[in-house]
Amino acid sequence: MKSTFFLFFLSLSVSLFAQEEDHINPTLLGLRANYGFIIPHSSELRDISESSPWGIQLDWSKLMTSRKSWDNCNCYAQTGLSFYYFNYSNPEQLGNSYNLVYFAEPYLNFKRRLFYSFRAGGGISVLDQVYDETENPENTFYSSTLSFIILLNFNINYRITDKYTLSVTGSYNHISNGGMKQPNRGMNFPTVGLGLTYSPRTFTLEGFETATNKKGDWQGYARLFGTLPNVSATEEFPDSRKLLLGISGGALWYFSNFNAFNIGIEVVRDESYKERAERANDDFDFHSVGLVLGNNFIFGKFTLNQQMGYYLYRPFPTDNPDFFQRYELLYQIGERYQVGTSLKAHGHVAENLDIRFGILF
């Protein structure tokens, strides 16, 4: 699962850079300092959350300036890799994280000196101080040394010269293991950042006409997704992973060329709850049905989907609320097919991370 997630982001990067063989894209190098706070999304986490994460970020990216790239997102965008180091100011319980992130960052108004950009990214996080039942029992944020990080940020950028750009950033960061090992409440920590980006060569952005116009259109979608949630060991039973499979489908309505409202249904078969039932000598149904509503941010072949869901049917016992959130990152292949990943959460608590395949019709 972890390797699949990494290969997904790697394949996106390769596909984007491969299509630029006959076009020279400017290289961008960035340095940024970040500072923030941890959200205590449970009363049990309030004490351990009283610290202020700080970090250093190094970026390497390409600014995609060809017509082909413009058609991918109806905008100019930089795509590349970031290395983040975060110190959580609590060395005994939270330690540090070392993160490698693939990102895409569309420019929203590129012709001015003062311009804005939006970044979405995800990747691998290595943590050096995780949960331990005896030595570190209060850190229920994460229990796997190798975990995942996803982030969203909004940037205010100012071109100081043709080669240097100053940026102020607000970012929302999330680290968890995607439900692969418990406990896994996940850490959510907003940060603000100040950075400088350098381009070794100067360039001019003129812009192209919008490739497509879907405003007012309706479109159907269907997804197949899966993951392997963990069932924690007990005195009687060993640690085990069980299969979760789901299908979802619904409709999209484009109220602008970059935004679409979506409504749908998802049906999930989670055998980890079947395992829990068998351990408890119980016999409850381990399927669930949810109604989802959301909004798609569409940048050509990239789609970032944020959904709020409500369980219409969920017969098995759980402490989770009746509402949930889902965050999807999808990449379109051809005219109809999509591949990507999604994170499901209840409030600020992450439940699982899956791989998904979709079709548009």
Side-chain angles (χ1 to χ4, degrees), residues 5-6 9-10 12-13 16-17 25-39 49 51-64 76-91 94-108 110 114-129 141-142 145-161 163-176 186-200 299 302 304 327 329 343:
F5 184 77
F6 174 75
F9 282 103
L10 181 61
L12 289 188
S13 181
L16 283 170
F17 291 123
N25 296 300
T27 297
L28 302 177
L29 304 173
L31 174 65
R32 185 169 298 166
N34 298 289
Y35 184 82
F37 65 94
I38 299 171
I39 297 175
S49 299
S51 64
S52 300
W54 61 269
I56 299 296
Q57 169 188 343
L58 300 173
D59 294 342
W60 176 88
S61 63
K62 290 284 190 178
L63 180 61
M64 301 303 170
Y76 288 118
Q78 57 171 311
T79 61
L81 296 173
S82 286
F83 173 78
Y84 289 78
Y85 164 75
F86 281 113
N87 183 310
Y88 298 107
S89 302
N90 184 344
L94 299 178
N96 310 279
S97 70
Y98 308 86
N99 312 275
L100 184 63
V101 173
Y102 168 81
F103 70 87
E105 183 175 338
Y107 288 5
L108 303 185
F110 55 86
L114 182 67
F115 66 100
Y116 311 103
S117 59
F118 173 80
R119 178 179 294 195
I124 302 298
S125 179
V126 177
L127 304 152
D128 61 14
Q129 197 66 274
F141 283 123
Y142 38 75
T145 299
L146 185 62
S147 294
F148 306 114
I149 181 171
I150 58 175
L151 58 88
L152 298 171
N153 66 39
F154 179 74
N155 306 287
I156 301 174
N157 310 292
Y158 182 77
R159 288 192 188 94
I160 303 172
T161 69
K163 292 190 174 184
Y164 290 94
T165 299
L166 184 70
S167 300
V168 177
T169 298
S171 183
Y172 188 86
N173 313 283
H174 172 84
I175 289 178
S176 74
M187 178 187 283
N188 304 286
F189 57 106
T191 56
V192 293
L194 181 65
L196 189 68
T197 300
Y198 169 71
S199 173
F299 300 102
F302 286 99
L304 178 64
Y327 306 95
L329 179 63
L343 174 73

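Every value quoted in this text rests on a predicted model; they were computed, and no experiment measured them.
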- Query: Tell me, do Thr79 and Tyr102 make a side-chain contact under 4.5 Å, heavy atoms counted?
  - Reply: yes

- Close side-chain approach of Asn25 and Leu63, heavy atoms under 4.5 Å: no

- Task: Supply the atom-to-atom distance Leu151 CG to Thr191 OG1, rounded to the nearest 0.5 angstrom.
- Result: 8.5 Å

- Note on the structure: What one should report as the nearest heavy-atom pair of Lys163 and Pro200 is NZ-O, 3.1 Å

- Message: Nearest 0.5 angstrom please: Leu58 CG to Arg32 CZ, how far?
- Response: 11.0 Å

- Query: What are the two closest non-hydrogen atoms of Ser89 and Ser51, and how far apart are they?
  - Reply: O-CB, 3.9 Å

- Considering non-hydrogen atoms only, spot the tightest contact between Tyr76 and Met64 and give its length. CD2-O, 3.3 Å

- Find the distance between CG (Leu81) and OG (Ser61) and round it off to the nearest 0.5 Å. 9.0 Å

- Query: Which pairs with one or both residues in residues 116-128 pass salt bridge (charged side-chain N to carboxylate O under 4.0 Å, His left out), sequence neighbours excluded?
  - Reply: Asp59-Arg119, Glu105-Arg119

- Item | Nearest-0.5 Å distance that lies between atom CD1 in Ile149 and atom CD1 in Ile124 | 10.5 Å

- Task: For Val192 and Val168, run side chain to side chain contact (heavy atoms under 4.5 Å, CB included): C-alpha distance rounded to whole Å, both residues' side-chain angles, the deciding distance at 0.1 Å, then the answer.
- Result: CA-CA 7 Å; Val192 293; Val168 177; over 6 Å; no

- Taking atom CG of Leu31 and atom OH of Tyr198, what is their separation to the nearest 0.5 Å? 14.0 Å

- Task: Using a 4.5 Å cut-off on heavy atoms from C-beta on, say whether the side chain of Gln129 contacts that of Leu94.
- Result: no

- Task: Determine the minimum heavy-atom distance between Ser125 and Asn99, stating which atoms define it.
- Result: OG-OD1, 2.6 Å

- Query: Would a 4.5 Å heavy-atom cut-off, applied to side chains only, mark Asn188 and Ile38 as touching?
  - Reply: no

- Query: How close do Ser176 and Leu343 get, heavy atom to heavy atom, and via which atoms?
  - Reply: OG-CD1, 4.4 Å

- Message: side-chain hydrogen bond (donor to acceptor under 3.5 Å, both in side chains) for Ser117 and Asn157? Distances and angles first, verdict last.
- Response: CA-CA 8 Å; Ser117 59; Asn157 310 292; 3.1 Å; yes

- To the nearest 0.5 Å, how far apart are CG in Leu166 and CD1 in Ile160? 4.5 Å

- Quick one: sort the Phe86 and Phe189 rings into parallel, tilted or perpendicular, breaks at 30° and 60°. perpendicular

- Task: Return the minimal non-hydrogen interatomic distance between Gly193 and Asn34, and the atom names on each side.
- Result: CA-OD1, 3.6 Å

- What about the rings of Phe118 and Phe154, do their centers lie closer together than 6.0 Å? no

- Item | side chain to side chain contact (heavy atoms under 4.5 Å, CB included) between Lys62 and Thr27, worked out | CA-CA 5 Å; Lys62 290 284 190 178; Thr27 297; 2.8 Å; yes

- Query: Where does the angle between the aromatic ring planes of Tyr85 and Tyr98 fall among parallel (under 30°), tilted (30 to 60°) and perpendicular (over 60°)?
  - Reply: tilted

